Each structure stands twice: as structure tokens, then as C-alpha cells.
Amino acid sequence: MPTEKFQFTGEGGHQLSAALDLPDGTPVAYALFAHCFTCGKDVLAARRIATALTAKGIATLRFDFTGLGSSGGDFANATFSSNVADLVRAADHLRETRQAPTILIGHSLGGAAILAAAGQIPDAKAVVTIAAPSDPNHVTGLFRDHVDDIRAQGQAQVSLAGRPFTISREFLDDVAEHSLMEKIRHLHKALLIMHSPTDDTVGIDNATHIFVAAKHPKSFVSLAGADHLLSDRGDSSYVADVIAAWATRYVAPAVQAPGAELPEKPRQVVVRETRASKFQNTVTVGPHHLLADEPAAAGGADSGPGPYDFLLAALGACKSMTMRLYADRKSFPLERATVTLKHDKIYAKDCAECETKEGMLDQIEVRIGLEGPLDPDQRKRILEIADKCPVHRTLTSEIRIVTQAAD
């Protein structure tokens with residue numbers, strides 16, 4: 001997936017370094033991501049979440065706050081207020097050059113900054129906080145032993161995550177003046193709060209305070225077992241999956257409505273490596289965006305279904321849809337169909353009805369569960385029609401696959 005790198009002017013007049021991760025097709029929405037305190041746009045959690053969101057069709061802008069990463073300015077002169085102002089500037093830049101962000105996402109102190117900035121970004125409809133403090137002043141706990149020195153000397157160098165940073169008295173005064181509760185109460189946007197109950201940097205009670213202060217629609221998702229920085233790839237992928245699924249209710253992605261006229265030609269499927277891990281690929285089908293990967297046991301990151309998983313899903317979905325069409329046309333009382341599939345390799349000699357008698361064969365086991373007051377004849381006819389679905393016929397007929405270079 002493409003990443004567009006550029007700079008925009010921050011509140012203090014400095015050039016801020018930004019990266020806009022774009023899906024292969026037309027974005028269904030734009031998101032603005034605010035990273036954690038002293039982190040940068042390229043911190044693992046930010047990159048992984050952005051990659052997973054773009055796989056879902058959501059373009060994601062992440063940038064370095066003043067004095068961090070590749071952005072200009074001095075971190076010692078930055079404050080919580082200036083970070084909030086830079087977020088508003090970033091949203092303005094997106095609005096002017098692409099499309100205004102409808103999703104705002106903030107991690108740690110970035111979550112607090114997103115809550116503070118949300119009221120100044122009118123286009124935003126959905127706000128997400130990840131391990132966010134309910135009070136920006138919470139961040140001073142990271143360097144509590146130096147607070148007196150900072151106040152006495154005007155500034156002091158502290159070590160955060162093994163790196164030196166200069167914290168000023170202005171920063172302390174600024175975070176002390178910010179109260180998020182009133183802003184949260186008047187957010188008037190959908191809010192998703194994600195937090196680990198075992199977060200030892202920003203306690204889970206912060207999520208409680210934010211949730212209680214917010215008005216509906218609001219949701220809470222527990223990131224059980226995750227650390228504060230979402231160091232585990234699986235945790236950041238899970239966060240992105242939940243955000244994408246939750247946000248679609250509020251940002252109205254441009255997907256085809258049920259019953260709408262089908263396209264005349266089959267849609268292309270585009271599969272492209274992300275290079276985020278060994279086997280991870282984006283799968284784009286019209287407006288739909290998925291991730292493909294291999295399980296960890298096969299050397300992958302297990303960030304999405306594997307190739308055979310997609311194959312089984314296609315067959316299962318086709319059988320389910322075919323049974324539904326048939327049952328509705330015949331007015332059979334089928335309430336729900338469930339198709340469970342498994343792929344395996346078997347010895348050809350063990351298959352009496354197979355033409356091949358040597359070596360190994362692919363075998364797909366399909367189990368179909370039918371719910372509803374169906375009589376035996378109705379059940380029999382529905383099960384028979386399942387084997388006549390188009391994908392089943394394709395897989396059991398001669399297939400010609402033509403492969404050529406794209407150029």
C-alpha cells in the first residue's frame with residue numbers, strides 16, 4: 001500500500017513531518033492518528049495500526065509532533081496545547097488536500113490530545129482513545145522525581161524510555177491547566193475507549209473516568225494482556241480491526257447497498273505485499289479491503305486469513321448464499337445455515353471414488369448445519385443444492401489459470 005510523505009506547517013510555524021498511509025483503492029474514510037508522549041509517527045504501534053486500517057480501506061495520517069522524529073522545532077518548547085493545535089492543523093491540511101478526517105485516534109497522551117482537539121475538528125464523527133489518561137497532567141508521573149527541579153530551574157533533562165528529553169516549566173503549567181472532563185461531556189461524537197486492565201503506565205481507572213464522563217454513543221473494549229505501547233503485533237492488529245469495524249457505523253463507508261444493481265463485469269481482486277511482515281498482503285476487492293497472511297507456525301504474523309482460508313471461505317459463502325436463495329424461492333422455513341469447512345491432504349489410495357490412485361489429494365470436508373422447522377425432504381433438497389453452487393462447480397471442473405507479467 002502506498003505511503004505519501006510530506007510536511008505541513010504546525011502551530012509554531014515549524015515544518016512537521018507526516019505520513020499518509022493510503023489503501024490501494026478509493027479510501028472509505030480518512031483517519032488522523034496521534035501518537036504517544038515522546039514517541040513519533042513511526043513507532044511500531046502507530047505503523048502497525050495504520051497498516052491494518054489501510055487494509056480496511058481507511059487512509060490514515062500520522063505525524064511527528066514538534067521537536068520529535070523528523071519534525072522541526074524544539075521539544076522543550078512544545079506543550080500539550082501546542083500538540084492539540086498541531087492536530088487541528090493536521091486535520092486542516094487533510095481537509096484542504098484530500099478529505100477531512102472523520103475518525104480521530106489517539107494513543108496514550110495522544111488520546112488525551114485527540115479528546116481536547118475533537119471539538120475543533122467538526123468533520124470528525126468517531127473518536128478513539130487507546131490507553132489514554134483522563135487527565136493530561138497524568139504524564140508528569142513519568143518524571144515525578146524531576147518536577148521540583150523543573151519548576152526551580154525552568155527546565156530539566158529527564159530520561160524517558162531510555163532517551164533524554166528536556167521538559168520545561170511551561171509544559172508542567174500547561175498540562176496542569178487542562179481539564180478534559182468538560183470536553184468529554186460535550187464531545188457530541190461517537191467514542192470508543194480501548195484500554196488494557198493491566199496497563200502499568202496509565203491505569204485502567206483512567207478509562208473508567210473517560211467512559212463515565214462521555215455521553216452515548218460510547219463503547220469500551222478491554223485490551224486484555226496488552227502492554228501500554230501495544231508492543232505485541234497481535235494487539236495492534238486487533239486494535240485496528242476493532243476500530244475499522246466499529247467506525248463503519250458512524251462514518252458511512254461507500255459500500256454497495258443490499259439489493260443495489262450488481263456490476264456488469266466481475267470485480268478485479270488485487271493482492272499486494274505490505275512488507276510489514278514476511279507474508280502479509282492486502283487484498284482489495286472493489287471497496288472491500290482485507291489482510292492475507294500465514295499462521296505463525298508457517299512463518300507468518302497471523303494478521304489475516306491464509307490463502308486456503310480464503311478458498312474455504314469462498315466455497316462456504318457460496319454454498320450458504322445458494323442455499324438461502326433456494327430456500328427463499330421455495331418458501332422453505334430455513335432460519336439459518338452454517339457451513340463449516342476444513343482442508344486437508346489425503347492419500348489417493350484411500351479415496352475409492354477418486355480417479356487418481358497415487359500420491360496425495362486435496363480434500364475439503366464440508367459440514368452444513370440447517371436451523372428451522374424443515375421436514376426431511378426440505379433438508380435433503382437444500383443440502384443437494386449446496387453442491388451446485390458456482391464456486392463448488394468451479395473447483396470440481398477443469399480450471400484454466402493464465403499468469404503473465406503486469407508489464
Side-chain angles (χ1 to χ4, degrees), residues 1-5 19-28 31 33 41-60 62 105 107 130 223 225-227 229-245 266-318 339-346 360-365 391 394-395 399 401-407:
M1 62 194 69
T3 298
E4 181 180 297
K5 295 186 177 180
L20 178 61
D21 297 291
L22 294 161
D24 291 325
T26 302
V28 298
F33 187 97
K41 69 179 185 301
D42 295 318
V43 67
L44 281 177
R47 285 196 290 108
R48 288 170 177 171
I49 290 173
T51 296
L53 286 176
T54 52
K56 303 291 186 181
I58 300 173
T60 306
R62 47 195 170 90
I105 307 167
H107 183 198
I130 307 164
L223 303 177
D227 60 24
L229 292 178
L230 302 181
S231 304
D232 185 271
R233 183 185 295 274
D235 292 328
S236 51
S237 296
Y238 173 73
V239 164
D241 289 344
V242 172
I243 292 172
R267 292 185 293 196
Q268 277 192 328
V269 175
V270 179
V271 181
R272 176 176 292 170
E273 286 186 302
T274 67
R275 304 308 297 149
S277 62
K278 185 175 181 179
F279 294 123
Q280 189 185 74
N281 280 261
T282 58
V283 181
T284 304
V285 188
H288 308 294
H289 304 268
L290 308 164
L291 279 179
D293 206 337
E294 287 283 13
D302 203 19
S303 61
Y308 277 102
D309 297 329
F310 278 108
L311 179 66
L312 296 183
L315 178 60
C318 185
V339 185
T340 305
L341 305 96
K342 177 185 176 183
H343 171 260
D344 207 346
K345 296 278 190 179
I346 64 168
M360 304 293 289
L361 291 175
D362 288 280
Q363 177 171 286
I364 297 177
E365 298 177 9
V391 174
T394 297
L395 291 175
I399 302 175
I401 300 175
V402 181
T403 303
Q404 58 188 10
D407 56 359

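Values in this document were obtained by computation on a predicted structure and should not be read as measured data.
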Check: [Y] main-chain N/O paired with [X] side-chain donor or acceptor under 3.5 Å:
| X | Y | value |
| --- | --- | --- |
| Thr60 | Ile58 | yes |
| Asp302 | Gly300 | no |
| Asp241 | Tyr238 | no |
| Arg48 | Ala276 | no |

Roughly how far, to the nearest 0.5 Å, is CD1 of Ile364 from OH of Tyr308? 8.5 Å
Could you grab the distance from atom CG of Asp21 to atom CG of Leu53, nearest 0.5 Å is fine? 9.0 Å
Among Leu291, Val269, Val270, find the residue that satisfies the side chain to side chain contact (heavy atoms under 4.5 Å, CB included) test when tested with Val283. Val269
Which heavy atom of [X] sits nearest to which heavy atom of [Y], and what is that distance?
| X | Y | value |
| --- | --- | --- |
| Arg62 | Ala50 | NE-CB, 3.8 Å |
| Lys56 | Val28 | O-CG2, 4.1 Å |
| Ala55 | Thr282 | CB-CG2, 4.2 Å |
| Pro2 | Asp24 | CD-OD1, 3.8 Å |
| Ala19 | Thr3 | CB-CG2, 3.9 Å |
| Leu312 | His343 | CD1-N, 3.7 Å |

Any side-chain heavy atom of [X] within less than 4.5 Å of one from [Y]?
| X | Y | answer |
| --- | --- | --- |
| Thr394 | Ile399 | yes |
| Thr274 | Thr54 | no |
| Leu229 | Val43 | no |
| Phe310 | Leu290 | yes |
| Glu365 | Leu341 | no |
| Leu223 | Val239 | yes |
| His107 | Phe33 | yes |

Check side-chain hydrogen bond (donor to acceptor under 3.5 Å, both in side chains) between Ser236 and all other residues, then give those that pass, not counting sequence neighbours. none
If you apply the rule side-chain contact (heavy atoms from CB on, under 4.5 Å), what do you find for Ile130 with Ile105, and how did you get there? CA-CA 8 Å; Ile130 307 164; Ile105 307 167; 3.8 Å; yes
Who pairs with Ala298 by side chain to side chain contact (heavy atoms under 4.5 Å, CB included), at least two apart in sequence or on another chain? Glu294, Pro295
